[in-house]
Number of protein chains: 2
Amino acid sequence: MHEIPSPRSEAHSPRSEAHSPRSEAKAVRRQALLDAAAGLFAAQGFAGVSLDDLGAAAGVSGPAIYRHFAGKQAVLGALLVGVSEELLAGGLRVADADQRANDDGAAQRGAQGNANDDGAVLRALVAFHVDFALSKPEVIRVQDRDFTSLSPDDRSAVRRLQRRYVDVWAGALAGLHPGTTPAELRVRAQAVFGLINSTPHSVGGAQRGGGRVPAARARELLSAMALAALTAPAP
Amino acid sequence: MHEIPSPRSEAHSPRSEAHSPRSEAKAVRRQALLDAAAGLFAAQGFAGVSLDDLGAAAGVSGPAIYRHFAGKQAVLGALLVGVSEELLAGGLRVADADQRANDDGAAQRGAQGNANDDGAVLRALVAFHVDFALSKPEVIRVQDRDFTSLSPDDRSAVRRLQRRYVDVWAGALAGLHPGTTPAELRVRAQAVFGLINSTPHSVGGAQRGGGRVPAARARELLSAMALAALTAPAP
DNA sequence: GCCTTGGGTTAGTGACGATTAACTGGAATC
DNA sequence: GATTCCAGTTAATCGTCACTAACCCAAGGC
């Protein structure tokens with residue numbers, strides 16, 4: 001995907017006040033399209049959503065989407081690259097903050113002795129990821145269901161970002177499991193993603209027999225399970 | 001899907017020697033189609049596979065599939081209902097076996113005191129599910145990616161079977177976590193499925209930096225993590 | 001040895017859906 | 001106030017399938 005020229009006003013501005021003249025209604029539309037895409041793709045899969053559906057869900061109809069994206073695939077690309085960046089950024093932020101707190105508290109005391117604080121980093125990572133998964137289950141679902149529908153470029157971009165995110169986790173795990181290969185640490189991290197990302201499945205549908213588990217409770221439960229899985233001694 | 005009349009030959013012989021006259025080449029074809037479907041659907045998604053692709057992968061070409069299934073959706077239905085039945089049957093077998101062993105060993109000694117043996121059942125369930133996920137990652141992947149492409153009937157059939165499988169796990173968990181609601185036990189079980197089913201993702205692609213984790217090692221690691229997550233005290 | 005069965009095959013057929021073309025109307029610019 | 005821009009719109013176009021029709025031809029029962 002080439003690039004949308006988009007005069008100035010590059011990618012930033014999470015706060016979207018009177019920033020560009022007034023044709024930032026465009027940014028709003030674009031975001032509406034991405035939001036609609038998250039919901040529709042999650043519910044029906046990338047291939048199961050037509051551009052007409054997608055446009056309709058965002059209030060415009062049909063090929064208006066081409067004013068914002070190069071094509072259907074580009075919508076998916078923007079969505080998934082966005083999530084991956086958001087996850088990585090969050091992971092780095094959380095890991096840095098806790099790492100820094102650690103360095104402040106107990107300067108350096110030998111390279112391997114900071115398992116205690118790797119624990120703190122892990123707890124923070126788990127809390128972050130659980131919050132993310134519980135607040136945006138649709139995006140989580142799309143990310144590992146429709147990954148293969150991405151263009152080759154977007155696919156490798158997403159893969160790269162995901163890899164870095166996994167490495168943040170693997171880094172935090174390294175102190176806890178010395179002598180374990182990096183590959184195995186990554187498998188461990190990804191298994192925990194699977195655990196946490198199970199929420200779109202389990203919390204999604206109305207269960208028949210029993211009640212639903214409230215989100216706050218699910219957060220605690222998943223965090224506890226994730227930490228247990230992360231800290232379980234290597235076999 | 002109704003039933004294949006399949007002349008007589010009801011009760012015996014799972015092994016498929018000279019069982020029906022010779023037009024059991026049909027059964028072979030059918031199975032080949034299902035195998036091909038598992039691989040293709042896993043790799044490209046249900047919507048990304050054409051009937052021509054599917055037929056070609058099974059050695060026939062195109063609409064020959066209609067001699068074996070009512071349509072594309074019916075192939076998916078047969079595949080997923082089959083897996084769900086296989087999982088449930090395996091879960092019941094394993095749970096029964098271990099339950100029986102327990103009853104033999106220590107008759108009855110009060111209703112709640114058998115946590116020890118619920119532990120044994122859980123270990124057996126975990127081992128079973130991990131083996132399944134490692135040996136048939138494609139089917140696992142299809143099951144939670146293309147579930148929504150099922151016909152309404154097949155969808156609810158699969159849902160029913162999955163629900164019963166989850167309940168087998170929840171039953172084994174009940175002794176370990178007394179006072180926990182069934183809904184929460186199900187969430188716990190499904191989270192562990194997510195953990196174990198992460199293998200199609202993590203073991204699937206060729207990693208860049210580090211080596212691969214051998215299957216035997218992955219089995220042990222995932223089992224340990226799953227058990228840790230299952231036995232982690234409720235928050 | 002006929003004649004039915006049934007799995008296969010190769011040409012349609014009909015939808016559906018992603019793009020693209022041609023046009024419109026209200027801002028933003030000057 | 002005229003002109004340019006550009007998000008939108010509606011009406012083609014073009015491919016790609018799922019599925020159906022019309023034929024084959026080996027087997028297997030009689």
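Letters A, B, ... mirror the listed sequences (proteins, then strands); counts begin at 1. Quick caveat, the model's predicted, so the values are computed rather than measured.
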Subject >> Donor/acceptor link under 3.5 angstrom from B:Arg67 side chain onto base of C:dG8 >> reply: yes
**OP:** Take the protein atom NZ of A:Lys72 and the nucleotide atom P of C:dT20, then report the distance between them rounded to whole Å.
**Re:** 15 Å
**OP:** Can you tell me the distance, in whole Å, between the CG atom of B:Leu51 and the C1' atom of C:dG8?
**Re:** 15 Å
Original post:
Atom OH of B:Tyr66 to atom P of D:dC23: distance rounded to whole Å?
Top reply: 21 Å
**OP:** Measure across B:Lys72 and B:Phe46 and return the closest heavy-atom pair with its distance rounded to 0.1 Å.
**Re:** NZ-O, 3.0 Å
**OP:** Give one of base, sugar-phosphate or nothing for B:Val75, where a contact means two heavy atoms less than 4.0 Å apart.
**Re:** nothing
**OP:** Kindly assign one of parallel, tilted or perpendicular to the pair A:Phe132 and A:His129, based on the angle between their ring planes and the thresholds 30° and 60°.
**Re:** tilted
Original post:
Does B:Arg29 have a side-chain nitrogen or oxygen under 4.0 Å from the phosphate oxygens OP1 or OP2 of C:dG8?
Top reply: yes
**OP:** Starting from P on D:dG8, measure out to CZ on A:Arg30 and report it in whole angstrom.
**Re:** 13 Å
Original post:
Which whole-number value in Å describes the distance from A:Ile65 CD1 to D:dC6 C1'?
Top reply: 17 Å
Subject >> Value in whole Å for how far the C1' atom of C:dG17 lies from CZ of A:Phe46 >> reply: 12 Å
Subject >> Whole-Å gap separating C1' (D:dC19) and CD (B:Gln73) >> reply: 13 Å
**OP:** If the plane angle is over 60° it's perpendicular, under 30° parallel, otherwise tilted; pick one for A:Tyr165 and A:Phe128.
**Re:** perpendicular
Subject >> Closest nucleotide among D:dG8, C:dT20, D:dC19 to the A:His68 side chain >> reply: D:dG8
**OP:** Select base, sugar-phosphate, or nothing to describe what B:Gly62 touches, counting heavy atoms under 4.0 Å on all strands.
**Re:** nothing
Subject >> A:Ser61, nearest nucleotide to its side chain (from C:dG17, C:dG8, D:dT9) >> reply: D:dT9
**OP:** Rounded off to whole Å, could you give me the CG-to-P distance for the B:Leu33 and C:dG7 pair?
**Re:** 12 Å
Original post:
Does a donor on one side chain sit under 3.5 Å from an acceptor on the other, for A:Arg219 and A:Thr199?
Top reply: no
Original post:
Judged by modelled atom types alone, do A:Thr181 and B:Arg217 share a side-chain donor-acceptor pair under 3.5 Å?
Top reply: no
**OP:** Find which nucleotide of DNA chain C each of A:Pro63 and A:Asp53 is nearest to by heavy atoms, and output the residue with the more 5' nucleotide.
**Re:** A:Asp53
